There are 2 protein chains.
Amino acid sequence: MARSMHVRRPATLASLAAELGVSRTTVSNAYNRPDQLSPELRRRVLETARRLGYPGPDPVARSLRTRKAGAVGLLLTENLSYAFRDPAALGFLEGLALACEDAGTGLMLIPASPEREDVAAVHRAGVDGFVVYSVPDDDPHLAAVLERPVPTVVCDQPDIGNVDRVGIDDRSAMYELAQHLIAMGHRRVGVVCMRLARDRNDGYVSVDRQHAAHFHVQRARLAGLAMAFSEAGVDWSKVPVVERFDHNTASGEAAAAQVLDRDPSITALICTSDILALGAMNEAKRRGLRVPEDLTITGFDGIQEAERAGLTTVRQPVLEKGRAAGKLLLDVGERTRPRSVNLSTELITGTTAAAPRTIAEERWFGP
Amino acid sequence: MARSMHVRRPATLASLAAELGVSRTTVSNAYNRPDQLSPELRRRVLETARRLGYPGPDPVARSLRTRKAGAVGLLLTENLSYAFRDPAALGFLEGLALACEDAGTGLMLIPASPEREDVAAVHRAGVDGFVVYSVPDDDPHLAAVLERPVPTVVCDQPDIGNVDRVGIDDRSAMYELAQHLIAMGHRRVGVVCMRLARDRNDGYVSVDRQHAAHFHVQRARLAGLAMAFSEAGVDWSKVPVVERFDHNTASGEAAAAQVLDRDPSITALICTSDILALGAMNEAKRRGLRVPEDLTITGFDGIQEAERAGLTTVRQPVLEKGRAAGKLLLDVGERTRPRSVNLSTELITGTTAAAPRTIAEERWFGP
DNA sequence: CTGAAAGCGCTAACAG
DNA sequence: CTGTTAGCGCTTTCAG
């Protein structure tokens with residue numbers, strides 16, 4: 001006899017089967033393999049389900065059984081506010097989301113802020129794989145992800161462990177930009193970079209700290225600069241490099257001020273991101289320095305705001321990076337050995353870099 | 001005897017327990033209730049786990065057992081590209097993500113684009129609840145969410161079913177803006193609005209279509225306008241209302257052109273979003289119309305770009321909206337009856353609205 | 001086309 | 001502090 005009393009607990013597949021007097025298999029098939037039962041029976045099953053308020057197979061139970069969660073996790077060790085405000089991060093996110101959408105896969109943002117040392121969220125995440133975006137190489141969350149027995153794709157990291165990787169050649173890209181400046185005649189330069197490690201250090205950066213940087217991207221960009229300028233006969237250890245923990249234009253302004261205060265004679269200020277460069281532009285303006293006549297300023301990333309400002313920078317395909325990461329993770333293909341995708345970059349010669357004035361004058365009037 | 005051969009399948013809690021010669025409970029406790037066993041034993045368990053490559057309790061199995069997924073789903077029936085490019089949507093997303101982060105909860109983006117009629121993703125999502133942002137009231141994905149036996153919060157929707165709600169009073173806010181314009185003397189106006197239903201209709205909107213709009217937000221804003229102008233003696237059915245499916249400045253430009261072509265005599269162009277208004281500004285400029293001298297233009301949302309442009313608009317707290325939605329969903333408190341949160345808005349009197357020229361002239365020279 | 005059996009990997013009482 | 005007992009709700013061979 002049917003029992004259609006109010007049950008606090010919603011119906012289950014089993015209770016539905018009992019109600020119908022069929023086996024659980026049949027009910028399961030009604031949902032997952034419509035061709036395995038008569039249309040008539042299927043209709044009856046679905047209708048009874050509706051009547052009983054059965055919402056369909058429980059996704060978690062199904063996941064346990066099928067060993068598929070239908071979602072990938074995104075680890076972003078950074079305040080989410082950052083991720084949603086930084087244009088480059090946003091572009092990455094969009095590309096990744098697009099790849100997930102194409103595959104019909106959910107994208108789960110893992111709550112892992114830098115303060116929160118709590119790695120539990122990584123353990124708790126019911127996902128089929130992880131994408132790790134721009135975290136320091138000593139991040140405990142990253143370590144936790146690598147312990148999980150699911151495929152992982154890291155972005156903006158050197159090759160690590162047995163995981164896929166996607167990124168750009170930050171070192172070469174920055175090397176190329178540096179050579180561009182060197183060719184223009186710049187020798188006295190200053191640098192503004194993003195955070196190099198998990199500890200806050202808003203100020204000068206020793207060469208040691210540069211080498212020991214835990215953010216591969218920043219380390220590589222600085223290395224590219226060091227290489228180019230050293231080759232050009234510049235003593236890199238004398239070049240002022242200023243670091244900022246927070247990544248916004250205000251940081252760029254403050255850092256630029258710090259460099260210019262220390263050495264007003266520099267002819268170029270190289271920033272390792274467009275956001276910082278945009279801030280530096282503000283600071284230059286405040287000081288009455290014309291760009292590029294009095295000071296050359298460069299960025300990195302190629303975000304839209306930079307383009308609008310005519311910034312000389314390196315463009316990297318952030319959206320493609322996200323999409324590539326998603327594809328790599330979701331591609332069921334050969335996963336025999338770790339794959340590595342390097343996207344190409346492009347030097348954008350904007351209007352914020354020019355030959356230093358002294359050089360320009362020499363050109364006019366002769367040496 | 002221990003069996004430490006290479007097992008393809010990673011170790012399970014049970015196998016670990018067997019290896020150690022303890023019960024599964026003990027191993028479970030080692031992870032979930034450290035105070036329930038001796039530190040020494042716990043150390044042994046954890047160490048053996050590491051040795052065997054046991055990655056800790058499987059999150060899905062745990063979820064099945066505990067009936068908690070540790071994540072909430074976000075339904076955003078719209079191309080993700082949209083969500084990541086529209087400043088208002090982004091603000092909402094940020095607020096929601098912040099609330100989730102605070103609670104240590106994952107945020108899962110459900111892959112549900114408008115094209116994809118496939119509701120399966122909603123069924124597949126292993127989440128403890130849903131937030132539904134700005135979808136049409138006849139969206140099948142929304143229906144699927146409401147069938148799931150988990151708490152749900154809808155945004156920018158009227159009260160529906162037995163779910164919590166967060167939003168603003170779009171009708172009143174727009175009514176107030178309209179009165180502002182009416183007080184200035186505007187009587188001949190045109191309107192540009194966002195999509196009103198799932199079908200594409202880039203063009204004029206009948207009053208019937210306005211009333212039947214499936215996007216509550218747009219319907220309410222138009223209703224506010226209709227009310228205010230009707231009260232002011234304007235025949236609303238004669239007011240040109242133009243709709244655009246895509247939401248970007250290009251759409252705003254085209255729609256504005258359409259209105260201005262039809263009725264060049266209008267003194268104000270009211271747009272139901274800042275993005276559209278920004279587009280309208282471009283179009284006005286292209287036509288050599290000065291704003292506000294020749295044409296008043298208004299928006300809605302209060303995004304940063306609008307502020308920079310000095311747009312007269314209505315500001316709504318998008319970030320707070322997201323945060324409120326998250327809080328509502330994650331708040332374990334009394335869930336006896338559906339809760340409704342109405343956030344307040346603010347009329348921003350920018351520099352894009354002024355008395356129509358004829359009126360202004362009358363003021364100068366007398367009637 | 002349908003059903004019986006066998007878990008997926010884990011946690012939560014409740015007794016020792 | 002530790003173990004036993006019972007499932008969470010579902011899918012999946014494999015026989016009928």
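What you see is a predicted model; the values in this text were computed from it and never measured. Per chain, numbering begins at 1; letters A, B, ... match sequence-line order. These numbers come from the heavy atoms of this one structure, side chains and all, not from hydrogens, waters or symmetry mates.
Rounded to an integer number of Å, the gap from CG of Asn32(A) to P of dG9(D) is 17 Å. Rounding to whole angstrom units, CG of residue Leu13(B) and P of dC8(C) are separated by 13 Å. Distance Arg42(A) CZ to dC1(C) P: 13 Å, rounded to the nearest Å. Between the C1' atom of dG9(C) and the OH atom of Tyr31(B) lies a distance of 13 Å, rounded to the nearest Å. Distance, Arg124(B) CZ to dG9(D) C1': 17 Å, rounded to whole Å. If you take CG of Asn29(A) and C1' of dT2(C), they are 9 Å apart, rounded to a whole angstrom. Regarding Arg24(B), its CZ atom lies at a distance of 14 Å from the C1' atom of dA13(C), rounded to whole Å. The separation between Lys68(B) atom NZ and dG9(D) atom P is 14 Å, rounded to whole Å.
Between the side chain of Thr25(B) and the base of dA12(C), a donor-acceptor pair under 3.5 Å is found.
Side-chain N or O atoms of Arg339(B) include one that pairs as donor or acceptor with a backbone N or O of Leu328(B) at under 3.5 Å. Remark: the backbone N or O of Arg24(B) is not paired with any side-chain donor or acceptor of Ser28(B) at under 3.5 angstrom.
In this structure, of dG3(C), dT11(C), dT2(D), it is dT2(D) that holds the atom nearest to the side chain of Leu37(B). Listed nucleotides: dT11(D), dT2(C), dT11(C). Nearest to the side chain of Pro57(B): dT11(C). Comparing dC1(D), dG9(D), dT2(C) against the side chain of Arg67(B) picks out dG9(D) as the nearest.
Nucleic acid contact class of Arg33(A) (heavy atoms, under 4.0 Å, all strands): sugar-phosphate only. Heavy atoms of Tyr54(B) sit under 4.0 angstrom from primed sugar atoms or phosphate atoms, though from no base atom. Heavy atoms of Leu64(A) sit under 4.0 angstrom from at least one base atom. Heavy atoms of Val60(A) sit nowhere under 4.0 angstrom from any nucleic acid atom.
A 4.5 Å side-chain heavy-atom check between Asp139(A) and Val132(A) finds every atom pair outside the cut-off.
Nearer the 5' end of DNA chain D, as judged by each residue's closest nucleotide, is the contact made by Gln36(B), out of Gln36(B) and Thr66(B). Take the nearest nucleotide of DNA chain D for Arg65(B) and for Thr26(B): the residue whose nucleotide is more 5' is Thr26(B).
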Can you check side-chain contact (heavy atoms from CB on, under 4.5 Å) on Val150(B) and Asp128(B), steps first, answer last? CA-CA 6 Å; Val150(B) 294; Asp128(B) 299 320; 5.9 Å; no
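With respect to Arg44(B), the side chain to side chain contact (heavy atoms under 4.5 Å, CB included) criterion is satisfied by exactly one of Glu47(B), Arg42(B), Glu40(B): Glu40(B).
Put simply, Ser28(B) has a side-chain N or O that comes within less than 4.0 Å of OP1 or OP2 on dT11(C). Under 4.0 angstrom from either OP1 or OP2 of dG3(D) there lies at least one side-chain N or O belonging to Ser23(B).
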